[in-house]
Amino acid sequence: MNKQQKEQYLREYGILKAEGKPFFPYAVAKDSLMAAIVLVVIIVMSIVLGAELGPKADPTTTTYTPRPEWYFFFLFELLRVIKPPELVPLATIGIPTIGMILLFLLPFYDRGPERRPERRPIATLTGIFVVVAMGYLTYLGASAESPTTISIDPPANVVAQGDKAVATFNSGAQVVAQAGCAACHKLGHSGNDGPGPELTDIGRRLPRQAIERTLINPTAPMPSFAQLQQDAPQQFDEMVTFLAELK
Amino acid sequence: MPKLKLPVPPMPGRPAPKRPGKTYGPQTPREHGREAGTSAIGWIDERTSLSGGARWMMFRKVPKGTNWFYTLGSATMFAFLAQAVTGVFLAMYYDPSATGAYDSIRNINNEVFLGEFVHGMHKWGSSVMVILVFLHMGRTFFFGAYKYPRELNWVIGVVLLILTMTMSFTGYLLPFDQRSYWATIVGVNINGTGPFVGPYLSDFLRAGPDFGATTLSRFYAIHMMLVPGAIAALMGFHLYLVAKLGTTAPPWLRAKSPEKLREEKVAR
Ligand code: HEM
């Protein structure tokens, strides 16, 4: 807006404001009614939905689902939509950061005098696109339950090693399932495809030691399982054995 | 033609105006009682001069065409106040230690009078507030309300949005159940991948390189003191600017051109 447009706006706004009504009591009445509606909604939600508490946090047990509050789902889903590992930092921080910077600076790059939504097609369409995209990602996040069981048949070479190897394999699969890995990794037909890479044939790609190292010292956003190794070394071992056998 | 001004007839129910020469002010105890409210306000105002500010805030005009979408900002503020009130009651029973947090919340839910109700209001109130912030931001975006002269108010609004999201992120850990614990670990890890400040930010949040015993009390301090204080201060500034600049008129409303206005005046 140049100087003339600014003055034009202020003049026009001055007239509209002079034709308006005083804030008290007209706007205050509307605001109070809205506040009452908000209060009723919160009270009804509290009564109907309650405030359930899950099991107590325990760094050593492995049954958990890393699910954020629902309004962060869209960020989490962004990780899932963007697959290649070298792009993961872009998804986790890049897109939100760029989005926030664009939001911050909006009044400084959109300086046109026009305010009617239908006469600012770029801004309006971008806004609608962002709303729809966030709504869709939130919906995806809400409907993606993370499975707690994994059904993978022991491969032939494990079966050939005898019953003990099969038992270790199966309990390893259970540890992996309970540790919530499937929230971020696909294993066979179970689990979510992303944000982590598919683990169905991880044993072919990574040697045992590398898997162990990844679990203890992973790249974000994967949580570290060093605590599990300290407190339940046998479970940890079974998990690594299981993963190393996935070929 | 000079306008003729008629004396206003006395309103029914009001005492007749005092005649000159009589003593002013309340005389009987009854009169004193009736004037107590006014004189208390007068006493404060004589010392603070606050009434001017209150009048400026309350009796400013809102433009023609102001509709229900304009209540979203104050609804957000109300949701914040509700969170503050319910949060104070939760804080009376909450124990921000890794060993005691979960049990104190269970105590609130099961033992404290109306505990689960207040806990539920705080929990669902956070969702309501986040929704309202986004709706309010959508309103100001689609109405072009961020344009001259309200740019600064938009920028403050974005900071308020970030702070609101910070509130829900830090509050999510406090019940210290499995869900909140592991979700927060993942969240802090994601922060750690950020450019430049990322690793420092996640170290700051965790109170060290690992998720330890002090992490919870740090989240608690951020959640109940640092961020609410910042939100309240910025909200005050946001509202000051709203009153100073006035709220926008709906964008499709055009002021009648001054000629038309003049014609109307003449015709009247
Ligand atoms: C804690 C959150 C917030 C509170 C309590 C709040 C409160 C308010 C209130 C009461 C108004 C008066 C007009 C109305 O209600 O629509 C207002 C106006 C405004 N707000 Fe907010 N707001 C918040 C967050 C935001 C956010 C996130 C943005 C945008 C990024 C924003 C941008 C604006 C703008 C540009 C105006 C001027 C609108 C106009 O003049 O029509 N606010 N805010």
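Being a predicted model, the structure only gives us computed values, none of them experimental.
- In terms of non-hydrogen atom pairs under 4.5 Å with chain B, the most contact-rich of Leu106(A), Ile42(A), Ile47(A) is Leu106(A).
- Looking only at heavy-atom pairs under 4.5 Å with chain B, the residue among Gly50(A), Pro25(A), Gly14(A) that has the most is Gly50(A).
- Listed by chain and residue number, nothing satisfies the side-chain hydrogen bond (donor to acceptor under 3.5 Å, both in side chains) test with His136(B) (two or more places apart in sequence, or in another chain).
- The two residues Tyr9(A) and Thr248(B) have their closest heavy-atom pair at OH-CG2, 4.0 Å.
- Among the candidates Leu81(B), Val155(B), Val130(B), Leu253(B), the residue making the largest number of heavy-atom pairs closer than 4.5 Å to chain A is Val130(B).
- Contacts of Arg150(B) with chain A are made by side-chain atoms alone, with heavy-atom separations under 4.5 Å and no backbone atom involved.
- Residue-environment remark: NZ (Lys6(A)) exceeds the threshold of 12 foreign heavy atoms within 6.0 Å.
- For residues 126-136 of chain A, the interface with chain B (any heavy-atom pair closer than 4.5 Å) comprises Gly127(A), Ile128(A), Met134(A), sorted by residue number.
- Between Ser180(B) and Glu69(A) there is no side-chain heavy-atom pair separated by less than 4.5 Å.
- Ranking Ser168(B), Ala243(B), Gly187(B) against chain A, the residue ahead of the rest is Ser168(B), based on heavy-atom pairs under 4.5 Å.
- The contact between Val128(B) and chain A is made entirely by side chain atoms (from C-beta outward), counting heavy-atom distances below 4.5 Å.
- Figure legend: Lys56(A) and Tyr102(B) shown without cation-pi pairing, the cationic atom not lying both under 6.0 angstrom from the six-membered ring centre and within 45 degrees of its axis.
- Only the side chain of Met1(A) comes within contact range of chain B, judged by heavy atoms closer than 4.5 Å.
- Residues Phe78(B) and Ser32(A) form no side-chain contact, since every pair of their non-hydrogen atoms from C-beta on lies 4.5 Å or further apart.
- Ranked by non-hydrogen atom pairs under 4.5 Å with chain A, the options Lys123(B), Lys147(B), Glu151(B) are led by Lys147(B).
- Here the closest non-hydrogen pair linking Pro55(A) and Asp177(B) is O-CB, 3.0 Å.
- The closest side-chain heavy-atom distance from Arg116(A) to Arg254(B) is below 4.5 Å.
- Leu103(A) CG to Tyr146(B) OH: the interatomic distance, rounded to the nearest 0.5 Å, is 10.5 Å.
- Cation-pi geometry between Arg115(A) and Phe141(B) is not met at under 6.0 angstrom from the ring centre and within 45 degrees of the axis.
- With a 4.5 angstrom heavy-atom cutoff, Leu245(B) touches chain A only via backbone atoms.
- Remark: the backbone N or O of Glu52(A) is not paired with any side-chain donor or acceptor of Asn109(B) at under 3.5 angstrom.
- In this structure a side-chain-to-backbone donor-acceptor pair under 3.5 Å is present from Arg120(A) to Phe142(B).
- Within the 4.5 angstrom heavy-atom criterion, only side-chain atoms of Trp154(B), from C-beta onward, approach chain A.
- For the atom pair Tyr148(B) OH and Gln5(A) CD, the distance stands at 11.5 Å (nearest 0.5 Å).
- Put simply, the side chain of Met165(B) reaches to within 4.5 Å of the side chain of Phe72(A), judged on heavy atoms.
- Side-chain contact between Ser127(B) and Trp70(A) is present, with heavy atoms from C-beta onward closer than 4.5 Å.
- No donor-acceptor pair closer than 3.5 Å links the side chain of Lys17(A) to the backbone N or O of Ala249(B).
- Contact annotation for Ile185(B): only side-chain heavy atoms (C-beta onward) come within less than 4.5 Å of a heavy atom of chain A.
- Counting heavy-atom pairs closer than 4.5 Å to chain B, the top-ranked of the candidates Leu39(A), Val28(A), Val41(A) is Leu39(A).
- The distance between the ring centers of Phe23(A) and Phe59(B) does not fall below 6.0 angstrom.
- Sequence neighbours left out, not one pair with a member in residues 94-128 of chain A passes ring pair (Phe, Tyr, Trp, His ring centres under 6.0 Å).
- Interface remark: Phe134(B) contributes side-chain atoms only to the contact with chain A (heavy atom separation under 4.5 Å).
- The closest side-chain donor-acceptor pair between Tyr26(A) and Thr66(B), if any, does not fall under 3.5 angstrom.
- Listed options Asp110(A), Val38(A), Ile43(A) were ranked by heavy-atom pairs under 4.5 angstrom with chain B; first place goes to Asp110(A).
- The CH2 atom of Trp124(B) sits 9.5 Å away from the OG atom of Ser46(A) when rounded to the nearest 0.5 Å.
- Between chain B and the options Ser224(A), Pro113(A), Ala226(A), Gly112(A), the largest number of non-hydrogen pairs under 4.5 Å is found for Gly112(A).
- To the nearest 0.5 Å, the span separating CD1 on Ile108(B) from CG on Leu53(A) amounts to 10.0 Å.
- Lys61(B) contributes atom NZ, which lies 16.0 Å from atom CZ of Phe24(A) (distance to the nearest 0.5 angstrom).
- Considering all non-hydrogen atoms of both residues, Tyr71(A) and Ser126(B) come closest at OH-OG, 3.2 Å.
- For the side-chain hydrogen bond (donor to acceptor under 3.5 Å, both in side chains) test, residues two or more places apart in sequence or in another chain that qualify with Thr170(B) are His223(B).
- Listed for the Thr71(B) side chain is no donor-acceptor partner under 3.5 Å among the backbone atoms of Asp31(A).
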